[in-house]
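Let me begin by presenting the structure, written as structure tokens, before commenting on it.
Here the structure is a predicted model, which means the values were calculated and not measured. Quick note: numbers below take in every heavy atom, side chains included, and nothing from hydrogens, waters or symmetry partners. Here is the naming used below: chain letters follow the sequence lines, and residue numbers restart at 1 for every chain.
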Amino acid sequence: MSESKDFLRTIVEEDLKSGKYKEVVTRFPPEPNGFPHIGHAKSICINFGIADDYHGHCNLRMDDTNPTTEDTKYVEALKDAVQWLGFNWDGNVRYTSDYFPKLYDYAVELIKIGKAYVDSLTEEEIREYRGTVTESGKRSKYAQRSVEENLDLFERMKNGEFKDGEHVLRARIDMSAANMKMRDPLLYRIRHAHHYRSGDEWHVYPMYDFGHCLSDYIEGISHSMCTLEFENNRDIYDWVLDTLGLDTVRPYQHEFARLAINYTVMSKRKLLELVEGGQVSGWDDPRMPTIAGYRRRGYTPESIINFCDQIGIAKANSMVDVAQLEFCIRDDLNTKVPRVMAVLDPLKVTIVNYEGSEELDASYYPEDVPKEGSRKIPFSKEIYIERDDFMENPPKGYFRLTPEQSVRLKHAYIITCKEVIKDANGNITEIIAEYNPESKSGQDTSGIKVKSAIQWVDAKTAKTVEVRVYDRLYSSEAPEGIEDLNPHSLQVIKNALIEPAVITEKPDVRFQFERQGYFYADPIDYTDEKPVFNKIVGLKDSWGKKKKEDKHASKPQAKKVQIDGEVVPMSEAEQALFDKYTGEFKLNSEVANTLARDEKLSNFYYEALALSVPSPNPVGLANIVTNEVARELKEKSVDELKFNPIQIGELAKMVDDETISSKIAKQVFEEMAKTGENPIQIVEAKGLVQISDPSKILPIIDEIIAKNPDNVAKFKAGNTKLLGFFVGQVLKNTGGKANPKVVNELVSEKLK
RNA sequence: UGGGGUAUCGCCAAGCGGUAAGGCACUAGUUUUUGGUACUGGUAUCGGGGGUUCGAAUCCCUCUACCCCAUCCA
């Protein structure tokens, strides 16, 4: 199915192939300060999934470096979630808190090599000293302390001799770093707090940036995958490991976009608020996007894993449509779960021409679900149908019961409405109907055609059940806070009716209530006396959708207008160069512009032109310099380049005299950039001289045409884009050596 | 504003110079005792503008928009 690999797997594969690592080792490193949500599920699927795919292993690590927010109940929830999803962590659960002694030693090491110091600025001052994104910060005077003093202070911090906030340990990096994270980041802070695991043993706790990379290193992690907001932290990650000399085999961090779903909040803080504010019944409220919530709602692990697979992994911030998740659970349950009949909003129907009672045979599964199993459904004179399934004055396209339209009772008979009984307010209270004795399901000889079959329950034998109908928690697509909550996210129906077999036979815990949706016997509140079902998700409902559409006219969407910004004007010198390039050398203005504005590039161009004897055509050379050399010069200085201007001049000349095509020139250039070899030698060694002789090219074209009759037909039918396909094939066939211009002409000619 | 990222269909997402994958959603039709499922078909020229090239979503220049960073959180 998925031919394509995500970028993380691509990296892992390359690293394995290159021998950078013998085995892939990943980790799922949550902080135990909240219940895991579906965003964690994505991370779990990535970390455990990649480890599985490449036969490595994945650790489960509690990143518990902040004693004030963490708790054992959350580590249980985390373990639970991973297991429920079906993954196995390697060995025991790991805890960063178990590494506190090692981490402390590493910190001491850093102090000893002068790369960390104890700072005694106040929190306020530290913030001030850090500077802003545009202004650099300044170093604290305490950074002057001697190694001995730092060692002494740090040890006393550890021993609890100071109050919270009195001192911190910081890395000595660069207070004017453009990356704010690198302005002497904090490594340790004093916390006189009880840690849920290490108890009162420690008075200093490592910060994330110090603890995480080292924990990864300690565990032998190869690929440390985290979300995008840690991109800036990668520099510290590398700095710590490099500075400590932990660089033989060590982990590298890679970032992917975190999951966001519309109509959903994913921040632990906001979820906590919902729980504490009583807007939901707890972390496992079926409306919560927590794993516990989905589980309680009735979602299957398979559906969630499938969802995580479908949404992919990339670096673009994105918002997944909740419909995609809903599809996954429907798709999973469709082939697994028995169909039964329930009526949520009952309307009584009396079948006046039916006497007595009978039991009807009914399969639990429709024909397209290859599963066995059936039950008996009692039938008698009095039944209930869904109130929605009858309309006195139906709109066009209504398929259900009306005074004029008969309907089949699923698994039973066809009935016809004879009379509508209403109360004093005009509400319909009962339907008087007649059934057709010849129309029994499976042995219908009536010949009557009806537009639909509806669910029903027998009045006498139906069981009363509670049904909790859940809708999305928020009514806003991008909810901010509790003001965006959907007031109708929970509807409790106390007196829904269900066919008896569901309760007495209990064929499953998840069901499809025919024509309504998928439901789950609540794992906590369900009892035989008082059954409770949670709505997992509704069926797709094209009728309901049609009705809604009529109300909302579609609104035309205005196209976004692109604003063009100002281009910085050229300096005088740049302008002079530009004029020279366009005038004397006849470069087009775009190329001249690029060259004139970039001093490095400009110098390079000038040298290539002047030093190659004879000089290449200035235009062709300029093209190569601006389009190819520019790429190399973006990240490197001139001295770092493997090639020199003269060689580029030679390359340009080969293009000038058509020894090689410009396509080949690019290939040669790549080679030069990599090896620094002379272009003429490269062309000779690889035999890249281009083929322009039609008599050599023509046979190849014939061959390609013969091999691709379909595409020839398509091309002749007007799909001119296919020209590229044919040219490409010919070029591929000749190792890129065929003169593309000639090929192009010949192919066009041939296919005319 | 300095730095770091990202932009391909309504929503995700492949693609790495040679015919714009796939899923969801939408839509038309076939099958159907679920207005379900299944099946068949439809639906983009790649943020904008230039340039290089026989050929550009892919390379170069430039502009724009959005996200992250100034917690003793992770």
Could you list the residues that satisfy ring-ring contact (aromatic ring centres under 6.0 Å, His included) with [X], not counting sequence neighbours?
X	result
Phe513(A)	Phe519(A), Phe533(A)
Phe726(A)	none
Tyr398(A)	none
His411(A)	none

So which nucleotide from [options] ends up closest to the side chain of [X]?
X	options	answer
Val133(A)	U1(B), C12(B), C72(B)	U1(B)
Glu31(A)	C73(B), C26(B), A70(B)	C73(B)
Met180(A)	C73(B), A70(B), G3(B)	A70(B)

*asked:* Can you list everything that forms a salt bridge (charged side-chain N to carboxylate O under 4.0 Å, His left out) with Arg339(A)? Sequence neighbours excluded, please.
replied: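 Partners of Arg339(A) by the salt bridge (charged side-chain N to carboxylate O under 4.0 Å, His left out) criterion come out as none, since no residue qualifies.
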*Those residues that, when tested against Asp209(A), pass salt bridge (charged side-chain N to carboxylate O under 4.0 Å, His left out) (two or more places apart)*: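 Partners of Asp209(A) under the salt bridge (charged side-chain N to carboxylate O under 4.0 Å, His left out) test: none.
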*Hey, can you pull the residues of residues 183-190 of chain A with a non-hydrogen atom under 4.0 angstrom from RNA chain B?*
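Contacts with RNA chain B under 4.0 Å: Leu186(A), Arg189(A).
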Could you run down the sub-3.5 Å N/O contacts of the protein with nucleotides 55-58 of chain B?
unit_1 : atom_1 : unit_2    : atom_2 : d
A56(B) : N6     : Lys666(A) : NZ     : 3.1

_Between Arg234(A) and Gln253(A), a side-chain donor and acceptor under 3.5 Å_ =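 Their side chains do not contain a donor-acceptor pair, so the 3.5 Å distance test is not met.
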*Using a cut-off of 4.0 Å between protein heavy atoms and nucleotide atoms, how would you tag nucleotides 30-41 of chain B 5' to 3' with B, S and -?*
---BBBBB----
*Footprint string (nucleotides 62-68 of chain B, 5' to 3'): B base within contact, S backbone only, - free, heavy atoms under 4.0 Å*: SSS--SB
Interatomic distance where [atom1] belongs to [X] and [atom2] belongs to [N] [whole Å]:
X	N	atom1	atom2	value
Asp209(A)	C69(B)	CG	P	13 Å
Asn306(A)	C24(B)	CG	P	10 Å
Phe307(A)	C12(B)	CZ	C1'	9 Å

_Inter- and intrachain pairs under salt bridge (Lys or Arg N to Asp or Glu O under 4.0 Å), touching residues 730-744 of chain A, at least two apart_ =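 Sorted pair list comes back empty.
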_Pairs meeting criterion salt bridge (Lys or Arg N to Asp or Glu O under 4.0 Å) with involvement of residues 442-453 of chain A, two or more places apart_ =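 Qualifying pairs: Arg408(A)-Asp444(A).
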*Name the orientation class of the two ring planes belonging to His40(A) and Phe28(A) (parallel below 30°, tilted from 30 to 60°, perpendicular beyond 60°).*
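Rings of His40(A) and Phe28(A): perpendicular, as their planes differ by over 60°.
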_Can you classify the ring geometry of Trp543(A) versus Phe399(A) as parallel (below 30°), tilted (30 to 60°) or perpendicular (above 60°)?_
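Aromatic pair Trp543(A)/Phe399(A) classed parallel.
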*Just wondering, are more than 12 heavy atoms of other shown residues or ligands nearer than 6.0 Å to CZ in Arg597(A)?*
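Atom CZ in Arg597(A) is crowded, with more than 12 foreign heavy atoms closer than 6.0 Å.
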*Would you indicate what Glu123(A) reaches in the nucleic acid, counting non-hydrogen atoms under 4.0 angstrom: base, sugar-phosphate, or nothing?*
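The answer is base, as Glu123(A) lies within the cut-off (heavy atoms under 4.0 Å) of a base atom.
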